[in-house]
Amino acid sequence: MPMDNLRNQYANHVSNADKERLLLSIHKVLGSVLPTMTMDAILANVSQALLQAGIFRSLMIALVDQNAQTVEVVTSVVAYAEKRDPLRLPDAVPVGTTDSIVVTEDEKVVGLVYPLDDTNITAQVARTGVLTVANEWNEQMDARVDTEENWTSQNTGKSAYFIPLVFDDEVIGVVATGSLPEENDAVMARIELIQPLLDLVAASLHHAQQAQVLHREYRVRDSVAAVRVAIATMNTPTDMARVVSAIHQELRRLDLVTGPEHTQYSIQIVNPAGTDFVSVAYGSELVEKERLQNWQGVSGNAEIYPWVLDVWREQKVRYVTDFVLPGLPPGEGTRDLNLVDVPFSNGTLALNSLDPIPVEVIRILEQFAEALTDGWEMFVNISERELAEQKLSDTNTLLRNLHEIIGVTTSSLDREQVLDTLGRQVVTTGVLRSLTVVLVDREKRRANIVRTFNSTPEGATTVEDVGSFVDFDS
């Protein structure tokens, strides 16, 4: 409807004072939908303008998130007339009052979230796009917003109006307001009259949402790039723990998770046979590096956490709630968790949290998992390089030790000194863990067990003089 027609139609039904207030609200609403306005500014200006103009007594705005399939209350405000009778209920300010109006926020309502398939009346309107009026309490109401007792305790009763905000055949949000029952006709007339404004608000909110999505996509892209950098700059297999740390830091930077006291991350690396895996947790080192290099023995992880291998084989995300990690003793540490496992080419990326895990977090984890897949060959190359370097180092050490041992055996020391020095050298250098020196007396056909050398777990060498004899014929 053209704006001139709106003004003419409104002028035929209301007083000059009401007309001035509506035109003022039109001006404010138009100012609030400029492209440079942010979502918060649009919501604040629209609600303030409509209430201060006396068009509605209260206003709740809920926005639809199609990705999450939810509708969330983002603003809820109530108008109070400064000159009202103190004995009169605050929400009984007549629609269109000429009193000076004060607008306050109803904080207990903001932040409420409903799934789009919920039976709640706000979700229903968001889902169907059909304006709905409730003249009495019913099971579709939310007691956190207004109770049945509050509705029925007032002799005058209540009415609630839920108006869809539609742009391009898509429900962007829901506007809700209330009135006294005798004001139904007046409120419905006002809703009809300001419908072009509501359409404009829907369009502006849609554009603001798109701007937020675009900004969010840029931030997510930066976070994925940061994780890729952490993968690309790995120098040793233990640097995988640094990748886990980067994932945590980026999710925090996106304001999607809280501190590590509420969330825990890990990367599970599956063996080539697909029968076992090792885990790298946030804040820890790769403690099973040797197993990762040779996969000898069984870690037992697959028996405790069997779903990890299932997620990896099926390459499908697994998200469970009210989950208790196995193997933990009873107590507070076994609080129900929310757990998601996201597969990548050679394992899974896991996140468990005391809080519900949003769909957006799971989608970003999938992008992190893709980065792990792309960078896996580098991790394998680093592991193989470190293993080769270790073998080369061991070989060089062995050759150096043998050279020193040969030097002892060809020295001018007497036999006793040679054997003692040789025994210490062989054990101390790590060629052998233990060594027993035995002298053979062929004439007497017996062996003299002189002493033993043993390496301790701390790396020291212990020497024990034995001095016992063993006859060849015994």
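Everything numeric here is computed off the predicted structure, so don't read it as measured data.
- Pairs passing the side-chain hydrogen bond (donor to acceptor under 3.5 Å, both in side chains) check and including a residue from residues 120-131, sequence neighbours excluded, read N120-T122, Q124-Q140.
- Here the straight-line distance linking atom CD of Q212 with atom CG of L205 works out to 9.5 Å at 0.5 Å rounding.
- Using modelled atom types, one side-chain atom of E183 and one backbone atom of L180 make a donor-acceptor pair closer than 3.5 Å.
- Scanning all heavy atoms of the two residues, the minimum distance from I357 to Y319 falls at N-OH, 3.0 Å.
- Atom CG in L131 sits 5.5 Å away from atom CD1 in I191 (nearest 0.5 Å).
- For S159 and N135, the side-chain atoms include at least one donor-acceptor pair closer than 3.5 Å.
- Distance check, rounded to the nearest 0.5 Å: CD of E360 to CZ of R216 gives 4.5 Å.
- Closest of all the heavy-atom pairs between Q268 and S266 is OE1-OG, 2.7 Å.
- Among all heavy-atom pairs drawn from F344 and W312, the shortest one is O-CD1, 3.6 Å.
- With rounding to the nearest 0.5 Å, the separation of OG1 in T132 from CD1 in I121 is 5.5 Å.
- Around CG of N138, the count of heavy atoms belonging to other residues, nucleotides or ligands within 6.0 Å exceeds 12.
- Rounding to the nearest 0.5 Å gives a distance of 8.0 Å between OG of S76 and CG of L59.
- Ring-plane geometry between F277 and Y305 is classed as tilted, the angle between the planes lying from 30 to 60 degrees on a 0 to 90 degree scale.
- Of all heavy-atom pairs spanning V125 and I163, the tightest one is CG1-C, 4.3 Å.
- Residues T70 and E72 bring no donor and acceptor atom of their side chains to less than 3.5 Å of each other.
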> What do the steps show when you test V133 against M188 for side-chain contact (heavy atoms from CB on, under 4.5 Å), and what is the final call?
Replying inline: CA-CA 9 Å; V133 181; M188 290 301 296; 4.0 Å; yes
> Yes or no on side-chain contact (heavy atoms from CB on, under 4.5 Å) for I364 and L254, after CA distance, side-chain angles and deciding distance?
Replying inline: CA-CA 10 Å; I364 294 174; L254 292 169; 3.7 Å; yes
> Would Q195 and L198 count as a side-chain contact (heavy atoms from CB on, under 4.5 Å) if you check the C-alpha gap in whole Å, the side-chain angles of each, and the deciding distance to 0.1 Å?
Replying inline: CA-CA 5 Å; Q195 189 59 54; L198 295 179; 3.9 Å; yes
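- When each of R228, Q249, E250, Q367 is paired with S223, the side-chain hydrogen bond (donor to acceptor under 3.5 Å, both in side chains) condition holds for E250 and for no other.
- In this structure, L354 and N338 approach most closely via the heavy-atom pair O-ND2, 3.6 Å.
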>> Working note: W307 + V320, criterion side-chain contact (heavy atoms from CB on, under 4.5 Å); need CA distance, chi angles, decisive distance, verdict.
In response: CA-CA 11 Å; W307 66 85; V320 294; over 6 Å; no
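- Taking all atoms of both residues into account, the shortest heavy-atom contact from N67 to D65 is N-OD1, 3.0 Å.
- Listed by first and then second residue, the salt bridge (charged side-chain N to carboxylate O under 4.0 Å, His left out) pairs involving residues 306-319 are D310-R313 (not counting sequence neighbours).
- Taking OG1 from T119 and CG from D142, the interatomic distance works out to 10.0 Å, rounded to the nearest 0.5 Å.
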